[in-house]
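Here is the structure we will look at.
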Amino acid sequence: MKKLEALLEKLKYNVICGETDIEINGLKMDSRNITDGDVFVCIHGAKFDGHNYIREVIKNGAKAVIIEQDIDLTDIINSGCRTTVIKVENTKYALACMSAAYFDYPAKRLKTIGITGTKGKTTTAYMMYEVLCRAGIKTGLIGTIETIIGDEHIPSVNTTPESYTVQETFAKMAEAGIEAVVMEVSSQGLMLHRVSGFIFDYGIFTNLGKDHICENEHKDFEDYMHCKSLLFKQCKHGIINTDDKHAKDMIKDAVCDIETFGMEKEANLRAENISLYREPGILGISYDLTVNGNKKHHFKIDVPGKFNVYNSLTAIAICRHFVDDMELIEGVLSNIRVRGRAEIVPVSKDFTVMIDYAHNAMSLESLLLSLREYNPKRIVTIFGCGGNRDRNRRFEMGEVSSRLADFTIVTSDNPRHEKPEAIIKDIVEGIKRAEGKYIAIIDRQEAVSYAIANALKGDVIVIAGKGHEDYQIIGDIKYHMDDRELVENAKKQNIQKISERTQEICVDLADL
C-alpha cells in the first residue's frame with residue numbers, strides 16, 4: 001500500500017475534491033485494468049483520451065483520478081462520491097513522477113545510461129551492454145529490440161517504454177542485483193515524459209538527422225532537435241559526438257558536464273588512422289584511439305562502415321567510466337554482432353549478404369556510402385517502405401538507392417492499410433530521380449531469392465528496412481517474417497528456377 005500524497009511529492013497540483021492522505025493499491029493509465037483502490041491517471045493519447053473514462057473508472061473502484069483538463073465533475077461531487085480528483089499541468093509528466101515514487105525511486109539504485117540520436121542507438125547500446133557484462137558488471141538493457149533483465153529477454157513494443165514500465169523495469173533490475181542499465185532514449189520518449197521523474201547518470205548524443213517529422217510525431221526539425229536536447233537537462237554527465245553539426249545546439253541549454261568523441265574535430269576521445277578491411281564474410285574497421293590527446297590504443301572491429309567508428313567510440317566513452325582495461329573493451333568490440341544492424345549473414349564466400357534496419361534516406365545513404373568504400377563489385381539493395389507513413393520517405397529512399405547502389409530491388413515492407421503496389425510506385429518515382437537500374441518484386445521472399453540467385457562475385461547485397469523485426473504488418477495484423485529466414489530459404493531454393501521465374505515475379509510498373 002502507498003500513500004497518495006507520497007506519490008505526489010514531486011508535483012505541483014490542485015485538489016479538486018477528496019483527500020490526499022489516503023492509501024492506494026496501484027497506479028494505472030488503462031481504464032480497462034482498474035481495480036478497487038487504484039489511482040487512474042488520465043492520459044491523452046493518439047487514439048484514446050483517459051478523461052473520457054473518469055466516470056467508468058470511479059464506478060469500477062478508482063480511489064483517485066489525476067486529470068489535466070478542465071472537466072465538469074459537479075455530478076460526481078454532488079453524488080457524495082469519495083474519490084479524490086487531482087489536477088496537474090501535465091498528466092504524462094505526473095505519471096512519470098508518480099511511477100518513480102510508486103517504485104521507491106529505483107533509478108537511484110542503478111547507474112543509468114541514456115542514449116539519444118537519430119542513428120546508432122541500438123548498436124551502441126548493445127556494444128555497451130556486452131562490454132559491461134564481460135567486465136563483470138551486472139547490466140540491464142532497455143531498447144528497440146528488447147529489454148534484458150538478467151536471463152530474461154522481453155521483446156520491445158516501443159524504443160522507449162511508457163514511464164510506468166520504465167520505473168517498473170528499473171525496480172525489477174535493482175531487485176535482481178543489476179548495477180547499471182543501458183537505455184535507448186527516443187525523441188518521443190523525451191517529448192512524452194517517458195523518462196521523466198529521475199536523473200540519468202550519463203546522457204549520450206550520437207548524431208541528428210531528419211527523421212520522425214510528421215503529423216503524429218514532430219511538427220518540424222526544430223521540435224525534433226529540441227526534444228533530443230532535453231536529455232542533457234536531466235543527466236549528470238553528457239557525452240556527445242562533437243563532429244555532428246548539431247552538437248552545439250544539442251547542449252546549448254545543458255546542465256551537465258560534457259565529454260566529447262569524434263574523428264574530425266578535437267575531442268576527448270578521437271579516432272585516428274582509420275582503415276577498412278575485407279575478409280571472406282567480414283567487412284571491418286580499424287583505428288587508433290587517442291584519449292585526451294596522449295594515450296593511444298588500437299581497435300579492430302568486425303563491423304563495417306565509418307559510422308561504426310562513431311558507434312564504437314560512443315561505447316568506449318561510456319565503458320571507460322566503468323572499466324579500466326582497454327584491452328578488454330577492444331576484445332569485446334572486435335567480435336560484436338548486433339541483430340539487424342549491419343548484420344552479415346553467411347551465404348557464400350563469393351559475395352556478402354547484409355541485413356540492416358536502415359528505414360529512412362539518411363540511414364540508407366550512410367550505409368551505402370560506407371559500403372562503397374569497400375569497393376564491392378556491385379551494391380544491390382532490397383527494400384520497401386511502410387504503409388500509412390510519410391510518403392516523402394519513399395521518394396527519398398528510392399533516390400538514395402538509385403544514386404548509390406548499382407541495382408535496386410523494390411519490394412514490400414509493412415504495407416499496413418495501403419496497397420504494396422502503391423508504395424512501390426512511390427519508391428520507383430524516387431528511383432527515377434537518379435539513373436540507377438531497378439526491378440520491383442512485391443513478395444519479399446521472392447525479392448531476396450532473386451538477389452541471391454543473381455549475385456556476382458564481389459557483390460554486397462543489402463536487405464534494408466526491417467533489421468531485427470521478425471514480422472510483416474498487413475492491415476492491423478502482424479505476420480511472422482524474418483529476413484534471416486528469407487535468406488536461408490533462398491539458399492535452399494533452386495537458383496535456375498528462380499531466374500526462370502523472374503518475369504512472373506517482377507511487377508509491371510505500367511500497371512501500377
Side-chain angles (χ1 to χ4, degrees), residues 111 113-117 119-137 139 180 182 201-208 235 237-245 247-248 250-251 256-279 282-338 341-342 366-367 369-371 373-374:
K111 286 293 184 182
I113 303 164
I115 312 168
T116 200
K119 300 181 299 179
K121 295 189 296 296
T122 299
T123 300
T124 55
Y126 276 94
M127 285 179 170
M128 293 174 197
Y129 173 81
E130 292 292 341
V131 171
L132 295 178
C133 286
R134 284 279 296 276
I137 299 166
T139 305
V182 180
D201 290 291
Y202 298 92
I204 301 161
F205 167 64
T206 59
N207 50 67
L208 196 67
C235 70
H237 184 75
I239 298 174
I240 68 163
N241 172 9
T242 194
D243 290 348
D244 189 272
K245 65 181 181 179
K248 290 183 179 179
M250 289 297 296
I251 59 172
C256 56
D257 61 293
I258 298 296
E259 177 183 338
T260 59
F261 65 88
M263 55 182 170
E264 296 173 4
K265 299 179 181 179
E266 290 301 320
N268 298 111
L269 272 75
R270 179 180 166 87
E272 301 175 343
N273 304 319
I274 299 163
S275 63
L276 310 177
Y277 62 89
R278 184 172 186 176
E279 300 170 2
I282 296 175
L283 302 176
I285 53 172
S286 68
Y287 60 88
D288 293 323
L289 176 69
T290 299
V291 181
N292 294 323
N294 44 47
K295 292 184 180 179
K296 283 197 174 183
H297 307 271
H298 186 69
F299 280 77
K300 183 179 180 181
I301 304 172
D302 289 349
V303 287
K306 287 185 178 178
F307 58 89
N308 273 311
V309 174
Y310 285 114
N311 290 339
S312 56
L313 281 174
T314 312
I316 296 165
I318 275 291
C319 291
R320 76 188 192 97
H321 287 276
F322 295 82
V323 182
D324 291 329
D325 188 348
M326 276 289 186
E327 290 187 6
L328 183 148
I329 296 175
E330 194 278 332
V332 175
L333 293 182
S334 67
N335 295 301
I336 202 75
R337 296 289 184 276
V338 181
R341 268 62 180 180
S366 176
L367 178 64
L369 284 172
S370 294
L371 295 178
E373 294 186 72
Y374 288 88

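Heavy atoms only, all atoms of each residue included: L328 and R134 are closest at CD1-O, 4.1 Å. Considering all non-hydrogen atoms of both residues, M326 and L289 come closest at CE-CD2, 4.0 Å. The shortest heavy-atom contact between L313 and Y287 is N-OH, 4.0 Å. Contact detail for V323 and A135: the closest heavy-atom pair is CG2-CB, 3.5 Å. Smallest separation of non-hydrogen atoms from T139 and Y129: O-CE1, 3.2 Å. Among all heavy-atom pairs drawn from G284 and Y374, the shortest one is O-OH, 2.6 Å.
With values rounded to the nearest 0.5 angstrom, H321 atom NE2 is found 4.5 Å from I239 atom CD1. Rounded to the nearest 0.5 Å, atoms CD (E373) and CD1 (I285) are 11.0 Å apart. Here the CG atom belonging to D302 is positioned 11.0 Å from the CG atom belonging to N308, to the nearest 0.5 angstrom. Taking CD of E259 as the start and CG of N268 as the end, the distance is 5.0 Å to the nearest 0.5 Å. To the nearest 0.5 Å, atoms CD1 (I251) and SG (C256) are separated by 8.0 Å.
Ring planes of Y202 and H237: perpendicular class, angle over 60° (limits at 30 and 60°).
In this structure, a donor-acceptor pair under 3.5 Å is absent between the side chains of T124 and N311. Looking at R341 and T123, their side chains never bring a donor and an acceptor atom within 3.5 Å of each other. Y310 and D244 share no donor-acceptor pair across their side chains, judged by distance under 3.5 Å alone. Between D288 and N273, the side chains place a donor N or O and an acceptor N or O closer than 3.5 Å (distance only, hydrogens not considered).
Judged as a side chain to side chain donor-acceptor pair (under 3.5 Å), and not counting sequence neighbours, T242 has no contacts.
Looking at I316, V182, V332 one by one, the single match for side chain to side chain contact (heavy atoms under 4.5 Å, CB included) with M128 turns out to be V182.
Annotation for E327: atom CD does not count as buried by contact number, only 12 or fewer foreign heavy atoms lying within 6.0 Å. Within a 6.0 Å radius of CG in D324, other residues, nucleotides and ligands contribute 12 heavy atoms or fewer.
A donor-acceptor contact shorter than 3.5 Å is absent between the side chain of S334 and the backbone of K300. Within the 3.5 Å criterion, the main-chain N or O of F205 finds no donor-acceptor partner in the side chain of N241.
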